[in-house]
There are 2 protein chains.
Amino acid sequence: MDLSLRLLQALAAVAEDGSMTRAARRLNLTQQAVSGQIRQLERIVGTPLVVRLSSGIELTAAGQVVLKQGEALLSSAEAMMSEARMVGAARSEPLRIAFKAQSTAHFMPAVEAALRRQAPDLEVQPISSHTLPEEIEALVEGRADAAFLWLPIGDDPRFVIHPLLAEDRWVALPPGHPLSERNSLTIADLADVPVVGPREGMPEAVVSFWFIDPRPDGSRAVFGPEGRTPEECLHLVAAGHGCWIAPASTVTYFAHPRLVWLPLVDAPPNQLALMWAVHNPNPYLPLLLQETSRVLLPAN
Amino acid sequence: MDLSLRLLQALAAVAEDGSMTRAARRLNLTQQAVSGQIRQLERIVGTPLVVRLSSGIELTAAGQVVLKQGEALLSSAEAMMSEARMVGAARSEPLRIAFKAQSTAHFMPAVEAALRRQAPDLEVQPISSHTLPEEIEALVEGRADAAFLWLPIGDDPRFVIHPLLAEDRWVALPPGHPLSERNSLTIADLADVPVVGPREGMPEAVVSFWFIDPRPDGSRAVFGPEGRTPEECLHLVAAGHGCWIAPASTVTYFAHPRLVWLPLVDAPPNQLALMWAVHNPNPYLPLLLQETSRVLLPAN
DNA sequence: ATCCTGCCACAACGATTCCTTGTGCCCTCC
DNA sequence: GGAGGGCACAAGGAATCGTTGTGGCAGGAT
């Protein structure tokens, strides 16, 4: 049976007024409606709750039980809804998304728009960072709920990782470089070219992936000067210190006239991924994943 | 707004299964129905409770509040109904009605039938007694909830007294008595006739009323031997010890061939009353009064 | 790549519930 | 004895609740 709080309110009003008719007036209902509600409540509980008199009503012992505990129930329900409204209105759970500026940022507006369509009340809070360690730190320290980043990052049981899409890697070369006249490159072409990029604080597997070290033929990569940010790397390349191997989408951010970008056709692609801490309770994370997939995958 | 427990059950099931469709199967409903219930619950509470995903649902923070407190609410409601059913089924409140055997008893079957019509589950328990002090004692000691008796009984703030109907008093005389040939009597006729009846343990006002002492002309009544019960009084009258002044309805109980009953036309009538202890909480007392009035007054 | 399955939402229809008006009966009070 | 207030029953319309049917979307199997 399905107990409705309205019935308990009716009983409370009837008990207080000692009369269905008076209670009905107070509840802005007709006497018949209140009579029906009491009857329904009695049917649900399964025992008479009031004694009908021509001068009004009187509660039975069972009616007093329902009255007393019903009032407790009503106030509990009121408190529950109030608290839920508080929690809901507080937007106490903004979704904080970390991304690398000018690297995993170009789809953020579309993702945010998609989220807003599904959950208009959700507050999306972008957290920008410049390096992969910064992003991971933000997740670990709870400053961000999720992060967009490039795989690989090495295995890490603290995170849930959802690969989204694969990108070929491209190589940035200075305009005057002998290889810069080519249409595409292979790993073998880069055998003697120093590679710039971030190394400090990166897991070994990540360095190994981006520098392609060791090379498929077993030789070692030539490590050029360290560039921690994309800007530093580009500066180093433009200054002739070597090449930079980067995700394809980076090309669109840095179509610099003093640089030449060429695809690296035989290198395993890197992957854009969405990641969050395994124990993060934010309920919007699955929604974020879903909407991100929707935004990114058709545009493949 | 009107919160129904069904909605809370739906939320609980949905939260447990992580999916509206699976919850719907378990609840023997369609997915659409459950979806509607969740939507309605969200409208009532006023904030989103679940995040809709293509792979199922996820509770928001507000949803977790409602889930947790809602489950408490559900079990409270279940406990409430269970206890009310217990109390109701226990018939823990039989209505115990005291009456004087062969004096205020003749309408008891009709009263009980009327009560049964209005409250089929009510258990009526007759408590018979033979004297007025016995009846009052039963009320005071809580062995009876209500009593039928003859007024007056003297003022007593411990009781609520509802007069029901008035009866003329009649006089019982032995057949050979000089007055026994009359059609009716006046108080003056009884000036020298000893009166029998109960005196011991009766309030003075009651003795004064039944013995009509003092008489309207200021003279004193002649007190015959004490008869504590109707049987004793009748025996005393039949033996020639005097007359007995009794309620009219007594005549129907004791239409004895060896007695003559005559109406006492100028004596103030006595009244049948329903009475109970002021603090008796039995909810059926007003119903008893109502039904008793209905039974007695038309038959006036 | 394509189909199949599972998830949810929207729409339309029928059954039930809910509240209203209208009525009758009873009791109480004036 | 009439007026007023109490409750129950009955009938009709509105709102609610459930169903079936459909579509979009994502994930997994063929």
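When reading the values below, keep in mind they use all heavy atoms of this one structure, side chains included, and skip hydrogens, waters and symmetry mates.
Evaluation of the side chain to side chain contact (heavy atoms under 4.5 Å, CB included) rule for A/Ser184 yields A/Pro263, A/Val265 as partners, not counting sequence neighbours. For A/Glu167, the salt bridge (Lys or Arg N to Asp or Glu O under 4.0 Å) test picks out no residue, with sequence neighbours left out.
Judged by distance alone, the side chain of A/Asp145 and the main-chain N or O of A/Arg96 form a donor-acceptor pair under 3.5 Å. A/Glu42 contributes a side-chain N or O that, together with a main-chain N or O of A/Val50, makes up a donor-acceptor pair within less than 3.5 Å.
Distance B/Glu291 CD to C/dC25 P: 17 Å, rounded to the nearest Å. In this entry the distance linking CG of B/Leu164 with C1' of C/dC27 reads 14 Å, nearest Å. As a whole-Å value, the separation of B/Leu288 CG from C/dC27 C1' is 15 Å. As rounded to whole Å, 15 Å separates atom P of D/dG6 from atom CD of A/Glu58. Atom CG in A/Asn28 sits roughly 16 Å away from atom C1' in C/dC18 (whole-Å rounding). Rounded to an integer number of Å, the gap from B/Leu29 CG to C/dA15 P is 18 Å. Regarding B/Arg6, its CZ atom lies at a distance of 11 Å from the C1' atom of C/dT17, rounded to whole Å. Following rounding to the nearest Å, A/Leu53 (CG) and D/dG5 (P) show an atom-to-atom distance of 18 Å.
For B/Thr21, the listed nucleotide lying nearest its side chain is C/dC7; candidates were D/dG18, C/dC7, D/dC7. Candidate nucleotides D/dG18, D/dC7, C/dC7 were compared by shortest atom distance to the side chain of B/Ser19, and C/dC7 ranks first.
If you run side chain to side chain contact (heavy atoms under 4.5 Å, CB included) between B/Val14 and each of B/Val34, B/Thr21, B/Leu67, only B/Val34 comes through.
Between B/Gln40 and D/dC17 there is a side-chain polar atom (N or O) within less than 4.0 angstrom of OP1 or OP2. Phosphate contact (OP1/OP2 of D/dG4, side-chain N/O of A/Arg22, threshold under 4.0 Å): absent. Contact annotation: B/Arg25 side-chain N/O to C/dC7 OP1/OP2 distance is under 4.0 Å. Checking the phosphate oxygens (OP1, OP2) of C/dT20, a side-chain nitrogen or oxygen of A/Thr30 falls inside 4.0 Å. At the phosphate of D/dT16, neither OP1 nor OP2 sits under 4.0 Å from any side-chain N or O atom of B/Gln37.
Nearer to the 5' terminus of DNA chain C, by closest-nucleotide assignment, is the contact made by B/Gly56 (compared with the other of B/Gly56 and A/Ala33).
A/Arg85 and B/Ile44 make their closest contact through NH1-O, 3.5 Å (heavy atoms, listed as atom of the first residue, atom of the second, distance). Residues B/Lys100 and B/Trp150 share a closest heavy-atom pair of NZ-CD1, 4.2 Å.
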Using nucleotides 9-11 of chain C, report all nitrogen or oxygen pairs with the protein that are shorter than 3.5 Å.
{"residue": "C/dA9", "atom": "OP1", "partner": "B/Arg52", "partner atom": "NE", "Å": "2.3"}
{"residue": "C/dA9", "atom": "OP2", "partner": "B/Ser35", "partner atom": "OG", "Å": "2.6"}
{"residue": "C/dA9", "atom": "N7", "partner": "B/Gln31", "partner atom": "NE2", "Å": "3.1"}
{"residue": "C/dA9", "atom": "N6", "partner": "B/Gln31", "partner atom": "OE1", "Å": "3.4"}

